[in-house]
Protein chains: 2
Amino acid sequence: MYSVRMSTPDRLIEATRALLWERGYVGTSPKAIQQAAGAGQGSMYHHFAGKPDLALAAIRRTAEELRAAAEAALGGEGTADARIEAYLRRERDVLRGCPVGRLTMDPDVMASDELRAPVDETLDWLRGRLAGIVQEGLERGELTGPLDPEALAATVVATVQGGYVLARSSGSAAAFDTAVDGLLMLLAAHKGRVE
Amino acid sequence: MYSVRMSTPDRLIEATRALLWERGYVGTSPKAIQQAAGAGQGSMYHHFAGKPDLALAAIRRTAEELRAAAEAALGGEGTADARIEAYLRRERDVLRGCPVGRLTMDPDVMASDELRAPVDETLDWLRGRLAGIVQEGLERGELTGPLDPEALAATVVATVQGGYVLARSSGSAAAFDTAVDGLLMLLAAHKGRVE
DNA sequence: GTCTATAAGTGGATAGAC
DNA sequence: GTCTATCCACTTATAGAC
């Protein structure tokens with residue numbers, strides 16, 4: 001039950017975000033959303049056309065938040081390798097998984113172009129942002145080749161997404177950290193000299 | 001509808017495997033299983049106690065198959081790095097995702113110790129198997145340090161699991177391959193000399 | 001072993017009163 | 001804007017006949 005100080009649409013969106021994160025789209029019912037939001041049936045259908053419409057609003061908000069959190073780590077002032085490490089080590093609710101990435105395993109989300117778009121765009125933006133940082137690092141001598149920026153960026157994002165899988169499977173956040181440690185260990189061989 | 005030459009329990013298990021892979025546990029109903037298996041309601045409940053029981057049989061079979069497929073690539077004769085590369089590049093139904101890993105995003109699977117066990121055990125076995133190969137590679141000089149076998153193994157598994165996420169998100173298997181390319185590129189710096 | 005009947009509850013929504 | 005009533009299909013079974 002979200003704060004009464006939030007508007008009903010906001011409470012509905014926040015409840016949907018939490019449920020999508022925890023149970024996915026298929027596992028989330030309008031009824032569950034209404035109960036979590038403290039809103040009635042009629043109220044929900046007054047503000048949103050239905051479950052897909054509400055899910056879209058929730059997914060967009062979650063995607064935007066993820067982007068902001070990633071940018072906070074990636075947009076810093078340090079060297080390329082330091083910013084990538086900051087991103088990899090940023091605080092996460094590891095056992096809950098990635099609120100955006102988990103949607104890729106949801107058949108109904110993937111079947112809808114509208115619902116799928118924010119997911120695709122977010123992960124794509126992240127890869128591009130990381131690739132740019134790697135490229136920059138190579139140009140500045142903070143990273144030394146041979147290193148393909150696009151490939152490294154994809155590996156970084158994949159390690160994070162897969163780290164969530166390992167953590168949830170084992171029931172321990174440590175598995176995520178171990179995967180990140182392994183990636184940073186491999187990356188260490190490509191650190192350039194500080195000038 | 002599976003081959004009539006399969007026993008009814010087998011057809012039910014195979015149908016469940018396919019549906020779990022595609023739609024997850026939450027998204028799979030007994031009715032859908034029965035239709036895919038060409039079996040009636042009564043038939044299904046005669047052979048299995050219910051949905052969780054049938055899912056357990058399906059998950060166990062899928063886990064065993066995954067293990068066999070991984071071992072086929074990892075148990076070969078080549079150098080450590082060649083076997084890891086063989087594992088990473090083995091043929092996969094990339095856009096369908098990992099039939100075991102996707103279950104970690106299923107709330108009902110994670111909530112059940114019985115259903116979760118085969119998932120955890122499979123990914124854990126895989127990590128251990130890879131770590132052993134890395135260790136062996138270091139001892140034989142096929143790989144050169146500094147390289148923590150456990151961490152590298154976790155990164156390899158995470159890259160694969162995350163590669164599926166990237167591929168499904170973008171709708172293209174190429175995203176998986178790019179993530180794998182990035183990992184192999186990083187690993188290349190640790191290849192020892194062939195004696 | 002397989003089939004049909006039955007059932008209480010949920011899923012996802014529409015209609016109309018307040 | 002929010003509430004209650006109503007709807008039909010689906011979910012996840014159980015019971016008992018064949």
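Each chain gets a letter, A, B and so on, in the order its sequence line appears, and its residues count up from 1.
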Describe the nucleic acid contact of S7(B) in one word from base, sugar-phosphate, nothing, applying a heavy-atom distance below 4.0 Å. nothing
Comparing V26(A) and P9(B) on DNA chain C - which has the more 5′ nearest nucleotide: P9(B)
Please determine whether the number of non-hydrogen atoms from other residues, nucleotides or ligands lying under 6.0 Å from atom CD of E114(B) exceeds 12. no
Counting side-chain heavy atoms from C-beta on, which of dT2(C), dT12(D), dG12(C) comes nearest to K51(B)? dT12(D)
Within 45° of the ring axis of Y45(A) and under 6.0 Å from its six-membered ring centre, is that where the NZ or CZ of K51(A) lies? no
Aromatic Y87(B) / basic R92(B) pairing, under 6.0 angstrom, 45° off normal: yes
In whole angstrom, what separates F48(B)'s CZ from dA13(D)'s C1'? 16 Å
Euclidean distance, atom NE2 of residue H47(B) to atom C1' of dA13(D) [Å, nearest integer]: 17 Å
Between dT12(D), dT2(C), dG11(C), which nucleotide has the shortest distance from any of its atoms to the side chain of S29(A)? dG11(C)
Can you tell me the distance, in whole Å, between the CG atom of D108(B) and the P atom of dT11(D)? 14 Å
Does a side-chain N or O of K31(B) approach OP1 or OP2 of dT11(D) to a distance below 4.0 Å, or not? no
With heavy-atom distances below 4.5 Å as the criterion, would you say the side chains of E65(A) and R17(A) are in contact? yes
Measuring only between side-chain heavy atoms, which start at C-beta, is L123(B) closer than 4.5 Å to S170(A)? no
Would you jot down, in residue-number order, the residues of residues 33-46 of chain B having a non-hydrogen atom under 4.0 Å from DNA chain D? Q41(B), Y45(B)
When the distance from CG of L19(A) to P of dG12(C) is rounded to whole Å, what number comes out? 12 Å
Does the Lys NZ or Arg CZ of R102(A) fall within the cation-pi geometry relative to W21(A) - under 6.0 Å from the ring centre and within 45° of the axis? no
Ignoring backbone atoms, establish whether T8(B) has a side-chain N or O less than 4.0 Å from OP1 or OP2 of dT2(C). yes
